[in-house]
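Residue numbers begin at 1 in each chain, while the letters A, B, ... track the order of the sequences. Because the structure is predicted, anything quoted here is derived from the model rather than measured.
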Amino acid sequence: MNLNNMKFDKKPKANISTKNVSSLIAVRDEFETPIIQVQEFITVEKPRKEEFFRVHPDESYHFNVLVYESQHRPTHLVDPCLEETLKHFIKRKKLMLVITRNGELKLFPVDENSNSKWAQSSRDAIKRAQKDWVQLIPVRAKASNIIRTASGDLSQPQWPNLSPGEVFTAAFDGLVIDGLEHPIARMLRGDP
Amino acid sequence: MITHRSHTDFDHVFLIDMDLEEQTGELPIINSTTITNLKTGQLVLNGSPKRQPSELSSDNQLIITRDRGKTMLGYLALGWSLPKYIVDLDIEENNSDFTHLIPNSDMNDSLLDDINIQHALIRGSYLIANAVIESTGVPIDINLLHKLRANKNAILDCVIRHYDADYGVYNAQKFNEARFKQYLTKHGIRWPQSPQGKLALTNDVFKEQASIYPQLLPLKNLRKFLSEFKTLDFPVGQDSRNRCSINPFASKTGRNQPSNRDHIFGPAVWVRNLISPKKGMGIAYIDWSQQEFGIAAALSGDLAMQEAYLSGDPYLAFAIQAGSAPASATKESHSDVRDAFKSCTLAVQYGMSANSLAKKIKQSVASAEELLDLHRQTYKVFWKWSDDNLNYAMLNGHLTSVLGWRLEIRTDFNPRSIRNFPMQANGAEMLRLACCMLIDDEIKVCTPVHDAVLIEAPIDQLDDIIHQAQEIMSEASSIILNGFKLRSDVDIYRHPNSYQDKRGLKTWGLINQALEATRPNLNLNKDKIC
């Protein structure tokens, strides 16, 4: 006979403490400081529409650069000496260092020359995000972004101790088109 | 009753480590047990005691475990009385960012300082109830199961012969890709391929293709059946009951996550036909009606949504509230409208896009967008609450259920999962609380299932116990939802009847036909499957 089976004949008794559970139902707690994570690389992208972000107020963390953007590849930095040769494929963007509420760093590419509502609303958001936590929500029907700011006693962003150079390296290490022999430059020019 | 506000309110705090050897379908065997008094640092026990140590007999003591409740099964296997209060460190670690909960050589009860002890004790209560439930298990028709297992190959051959006749793509129960390619070429069917030229053969691709080429539907169903037939390996104890770990708190929402292979309520619905109460017994499957809709209505405080829930048919009520059906509409008179609004409601709950909803209701994307817009207009308060939840999560990096189950927001967050979290996590709280209350009332719970429980009772008491269980489930919902009570539905099966799920009846009929056809000397009817 299996000893374990014998145990099943005896109905186990449990004295469970759930009598006053209703008094323990929680109300939402107060705002807390977000977690800051260690980040090995920084992506070049607009914050997602759900994310609240702040822009680094120090202008040395705003980078005026040439970039190659593609749906299928990460954004590449382009050497200024290639501006004329690749002018049909690359764009001049201002990359703003932003931090999201959960501590993720991103470089938000903003078009400083465009008069489109998309670009204008992004620039407005950048200004606001130097003081407030901001959400940038695209609305296709209006060809623009809605800007929303978070109210309440929110903690200030905790910027990691990275120099502008370190930020740049974290974003573009291995992602620089530095000459016409670069595979992407060759592809763009139709070189075999 | 949980009145303790801190671990210091307990007379004793014991850390128990059991070396357990799991037994298929049975309670575990305990090789050794270590008990440490965390208040004094004293080692109370290290060995294999025959009787429950006297130190563990007091009521006002806290048991600390770190194996997600397996120690409680160990208690039952050893015949020990279950404790009243436990906190499981493994679960509490997963529910927080406290990495220092892992006891080390100089451990003491200060490792509990940062835990919300009251919420942790409620979670612990469920581990106690769950041990009782897991040890109870689900009654199985073992003779039928043996017959299915013994004739597995014959059944598979039979079904393949029947269904594959028009395709010829199976060889010795294996799908032959080359033959399938030939079939596609011959019938001029375009098929998605990988960049390497291999055919995409996932269930989703087959489903999509079968909707375009209906002649592929039987083949799609055959493939589904064959993959489901593998699920007969679930563990069954010597007393013919399916027992396995419910895997409590395993999902991010805190829901149970039992193995699909081991749990009788895994994905293949027809397998549930093997659930069968013993002589003199009956079983009842009790589930909360539209649990997630009810939770959303209650917690968001959307009165229109609550009214829809209380109407008994929230989908039709939504259509009426949105002005798409008259107030006199019924399920029968407006079945198409109801179906579309039902799909829309479920789409909102699961964060489906207009594109996916359009496919589901077989209408244009514009129609789907219109439906979703009607939901936003009709249930504005719910949408504001849902937006607030998402924003709160994004601003604070977490979201919690009403009893403190916590979702951490990572950088690869999915906004749909965040919006759905309150429904799932509070649904899980509701189920756990109901299980605790059912076990406390000595109702025999065979297993929890997502938003339901399967209970068992002698036939002559079954109706009364079902009524009692439904009252308890209503009370549990009321506690979690601040007074809003959810209804429940019940399916009852009395011996000799087995559990039935209408979604699996077609396959079950097919299996029975195949089983019958495998019997020797049987005069086969031409209509039979082989």
Side-chain angles (χ1 to χ4, degrees), chain A residues 1-37 39 41-43 45 47-53 99-106 133-135 137 141 148-155, chain B residues 1-3 23 26-29 59 75-77 79 81-85 97 116 118-119 121-122 124-126 128-129 131-132 135-137 237-239 241 390-398 400-404 408-411 413 415 418 433 436-437 439-440 442 444 478-480 482:
Chain A
M1 186 179 285
N2 184 317
L3 183 68
N4 284 326
N5 275 351
M6 290 176 65
K7 299 289 186 304
F8 297 134
D9 299 335
K10 224 169 76 179
K11 195 172 179 183
K13 291 269 280 180
N15 185 4
I16 297 174
S17 320
T18 51
K19 292 284 189 287
N20 66 334
V21 171
S22 52
S23 67
L24 307 177
I25 297 290
V27 289
R28 188 174 280 166
D29 52 5
E30 295 302 311
F31 290 131
E32 291 171 8
T33 308
I35 298 157
I36 298 295
Q37 65 179 42
Q39 198 171 327
F41 57 86
I42 294 171
T43 50
E45 63 180 4
R48 292 171 66 179
K49 64 180 178 184
E50 297 86 6
E51 287 178 319
F52 287 87
F53 64 93
I99 188 167
T100 64
R101 278 294 288 177
N102 54 9
E104 191 183 14
L105 294 173
K106 296 180 182 202
W133 289 98
V134 165
Q135 254 182 345
I137 304 161
R148 289 180 10 182
T149 58
S151 59
D153 187 17
L154 294 170
S155 60
Chain B
M1 183 170 302
I2 296 171
T3 52
Q23 305 290 300
E26 311 283 358
L27 284 176
I29 289 173
D59 247 8
Y75 264 65
L76 293 178
S81 303
L82 287 164
K84 202 167 174 189
Y85 303 106
D97 51 354
N116 176 330
Q118 293 180 312
H119 286 166
L121 285 170
I122 294 172
S125 294
Y126 179 62
I128 298 169
V132 176
S135 72
T136 301
Q238 289 185 23
D239 58 350
R241 298 182 84 94
L390 180 59
N391 287 334
Y392 178 89
M394 297 314 298
L395 284 167
N396 296 284
H398 71 267
T400 50
S401 70
V402 296
L403 288 172
E408 293 294 331
I409 310 300
R410 304 187 323 184
T411 51
F413 68 91
I418 296 173
L433 180 59
C436 291
M437 294 161 76
I439 294 299
D440 209 23
E442 298 192 22
K444 197 169 180 180
S478 171
I479 291 171
I480 298 298
N482 197 21

> Would you indicate whether the side-chain heavy atoms of Glu51(A) and Met394(B) approach each other to under 4.5 Å?
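They are in contact (side-chain heavy atoms under 4.5 Å apart), so the answer is yes.
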> Could you tell me which portion of Arg410(B) (side chain, backbone, both or neither) has an atom closer than 4.5 angstrom to a non-hydrogen atom of chain A?
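For Arg410(B), backbone heavy atoms alone lie under 4.5 Å from chain A.
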> Check side chain to side chain donor-acceptor pair (under 3.5 Å) between Arg48(A) and all other residues, then give those that pass, not counting sequence neighbours.
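Arg48(A) satisfies side chain to side chain donor-acceptor pair (under 3.5 Å) with no residue once adjacent residues are dropped.
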> Which bit of Leu390(B) is near chain A, if near means a heavy-atom gap under 4.5 Å: side chain, backbone, both or neither?
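Contact with chain A involves the side chain of Leu390(B) alone.
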> Heavy-atom distance under 4.5 Å to chain A: side chain of Phe413(B), backbone, both or neither?
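Its backbone and side chain both get close to chain A.
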> Who are the side chain to side chain donor-acceptor pair (under 3.5 Å) partners of Gln135(A), not counting sequence neighbours?
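For Gln135(A), the residues satisfying side chain to side chain donor-acceptor pair (under 3.5 Å) (neighbours in sequence not counted) are Arg148(A), Asn391(B).
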> If I take atom CZ from residue Arg101(A) and atom CG from residue Leu395(B), how far apart are they, to the nearest 0.5 angstrom?
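Between atom CZ of Arg101(A) and atom CG of Leu395(B) there are 5.5 Å.
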> When rounded to the nearest 0.5 angstrom, what distance separates CG in Asn102(A) from CG in Asn396(B)?
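So the gap between those two atoms works out to 11.0 Å.
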